[in-house]
Amino acid sequence: MRRRMRAISLTDARFNANLDKDHNQHGVVVEEIKGLIRVYKDGHVERPPIVANVDCTQVVESDVASQDVSIDNFTGIWARIYVPKRQSKLPILIYFHGGGFCVGSAAWKCYHDFLSTLSSKANCLIMSVNYRLAPENPLPAAYDDGIGAVKWVRQQSLNGTGDHQSWWSTRCDFSKVFLCGDSAGGTIAYNVATRLGLESTTLKPLCLKGVILIQPFFGGEARTSSEKYTVQPSNSALSLKSSDVYWSLALPLGVNRDHQWCNPLSKGSTKLEDLRVPPVLVCLSEMDILKDRNLEFCEAMRRAGKRLEYVMYMGVGHSFQVLHNYPLSQPRTLDMISHIKAFINP
């Protein structure tokens with residue numbers, strides 16, 4: 001029987017009321033996205049539990065097992081690994097969740113559900129990285145954590161034995177590694193891929209075969225047409241206002257949205273022609289305010305001679321595949337999973 005996913009609303013008055021109770025003790029609120037994050041002048045940050053965290057043992061797909069592993073004890077970075085019960089070795093997808101760099105978790109139920117299903121239907125292992133969040137850890141902290149996650153996977157591939165070797169490493173084809181993420185996680189995946197290429201970092205025996213960007217959260221000082229004119233429903237995951245707040249919190253002081261950490265097409269960014277990146281799949285949404293910016297990125301990458309394909313999902317907006325906040329979310333999510341499967345298992 002097909003499961004129906006509950007739509008998640010990002011404007012829940014209950015959480016806002018709870019936040020209001022103690023706001024005086026921290027002084028003035030300097031930035032806020034209702035129901036998601038509130039930042040005070042004294043540096044205090046509140047993130048209401050609008051999405052439930054679930055344990056890795058919660059079963060979504062009967063043929064997928066998952067477990068949490070520590071990546072870096074010093075920074076507290078960890079990951080949730082999903083392993084489908086298959087006999088053959090499978091590609092590994094290193095995944096970064098969305099949330100404007102400021103909210104979200106690898107333990108969020110919406111990501112646990114989506115990635116369990118993706119692992120099962122696309123026949124791949126998935127390592128979902130729980131990276132550091134802004135504003136406590138502004139960029140490039142999340143990008144550094146992404147690099148650290150790739151290096152951790154490489155170390156696992158070199159270990160003949162280890163605590164987790166028998167559980168998942170023996171089932172992983174380390175010659176087929178893919179970086180993937182949605183929204184801010186897509187931006188992390190892109191920046192990790194480009195840094196690895198520019199730095200000529202030794203990844204052997206890993207082989208980075210591709211990058212999957214799902215509605216990547218790029219920005220810029222100049223507004224695009226879809227940012228200015230696309231009307232968002234009340235339950236949209238991303239509005240122009242929330243986008244502005246996320247970038248204000250994520251970027252370090254003195255850095256604007258034409259920095260390469262935000263805008264890969266700005267004059268200050270590395271020329272696309274100079275990038276060494278594997279094939280790229282970009283998943284776009286018709287009703288997303290990022291649609292035009294994502295299209296500009298795809299066209300620029302193609303002009304630069306990069307191997308890139310993109311798919312436009314009609315009738316849905318930002319993060320539909322995890323929030324299920326559009327009537328067509330479920331069929332479009334299955335379409336997306338099919339496209340990802342074809343990309344990683346050609």
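Keep in mind that the numbers below use all heavy atoms, side chains included, and drop hydrogens, waters and symmetry copies.
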Give, for atom [atom1] of [X] and atom [atom2] of [Y], the distance between the pair rounded to the nearest 0.5 Å.
X      : Y      : atom1 : atom2 : value
Ile344 : Asn123 : CD1   : CG    : 8.0 Å
Asn294 : Asp288 : CG    : CG    : 6.5 Å
Leu196 : Lys151 : CG    : NZ    : 8.0 Å
His112 : Thr57  : NE2   : OG1   : 7.5 Å
Tyr326 : Glu286 : OH    : CD    : 10.5 Å
Tyr95  : Leu179 : OH    : CG    : 12.5 Å

Donor-acceptor under 3.5 Å ([X] side chain, [Y] main chain):
X      : Y      : value
Arg257 : Asn263 : no
Ser119 : Ser116 : no
Arg171 : Leu90  : no
Arg154 : Lys204 : yes
Gln232 : Met287 : yes
Tyr143 : Trp261 : yes
Asp145 : Arg132 : yes
Ser242 : Leu238 : no
Lys306 : Leu275 : yes
Thr224 : Glu227 : yes

If you look at every heavy atom in Gln260 and Asn191, which pair is closest and at what distance?
-> O-OD1, 3.9 Å

Can you name the closest pair of heavy atoms from Ser329 and Asn325 and give their distance?
-> OG-N, 3.4 Å

Hey, are the side chains of [X] and [Y] touching, using non-hydrogen atoms and a 4.5 Å cut-off?
X      : Y      : result
Phe114 : His97  : no
Tyr82  : Leu93  : no
Phe320 : Leu328 : no
Leu208 : Val277 : no
Asn159 : Ser169 : no
Phe101 : Ile188 : yes
Leu295 : Met312 : yes
Ile126 : Cys180 : no

Indicate whether the side chain of [X] and that of [Y] have a donor and an acceptor atom separated by less than 3.5 Å.
X      : Y      : value
Thr117 : Glu61  : yes
Gln215 : Ser285 : yes
Tyr111 : Asp182 : yes

Chi angles and distances behind the side chain to side chain contact (heavy atoms under 4.5 Å, CB included) call for Ile289, Ser239 | CA-CA 7 Å; Ile289 66 167; Ser239 65; 5.6 Å; no

Quick one: which of Val64, Ile337, Val60 gives a side chain to side chain contact (heavy atoms under 4.5 Å, CB included) with Ser120?
-> Val64

Which label fits [X] and [Y]: parallel for a plane angle under 30°, tilted from 30 to 60°, or perpendicular past 60°?
X      : Y      : result
Tyr246 : Phe217 : perpendicular
His339 : Tyr313 : tilted
His26  : His44  : parallel

Treat each ILVMFWY residue as a node, draw an edge where side-chain heavy atoms are under 4.5 Å apart, and state whether [X] and [Y] are in one component.
X      : Y      : answer
Met314 : Tyr310 : yes
Leu240 : Leu251 : no
Trp78  : Leu125 : no

Side-chain ion pair, [X] and [Y], N-O less than 4.0 Å:
X      : Y      : value
Glu136 : Arg47  : yes
Asp144 : Arg195 : yes
Lys228 : Asp292 : no

Working for side chain to side chain contact (heavy atoms under 4.5 Å, CB included), residues Leu213 and Phe297 | CA-CA 11 Å; Leu213 310 179; Phe297 168 78; 3.8 Å; yes

Evaluation steps, side chain to side chain contact (heavy atoms under 4.5 Å, CB included), between Ile37 and Glu31 = CA-CA 8 Å; Ile37 188 169; Glu31 293 285 10; over 6 Å; no

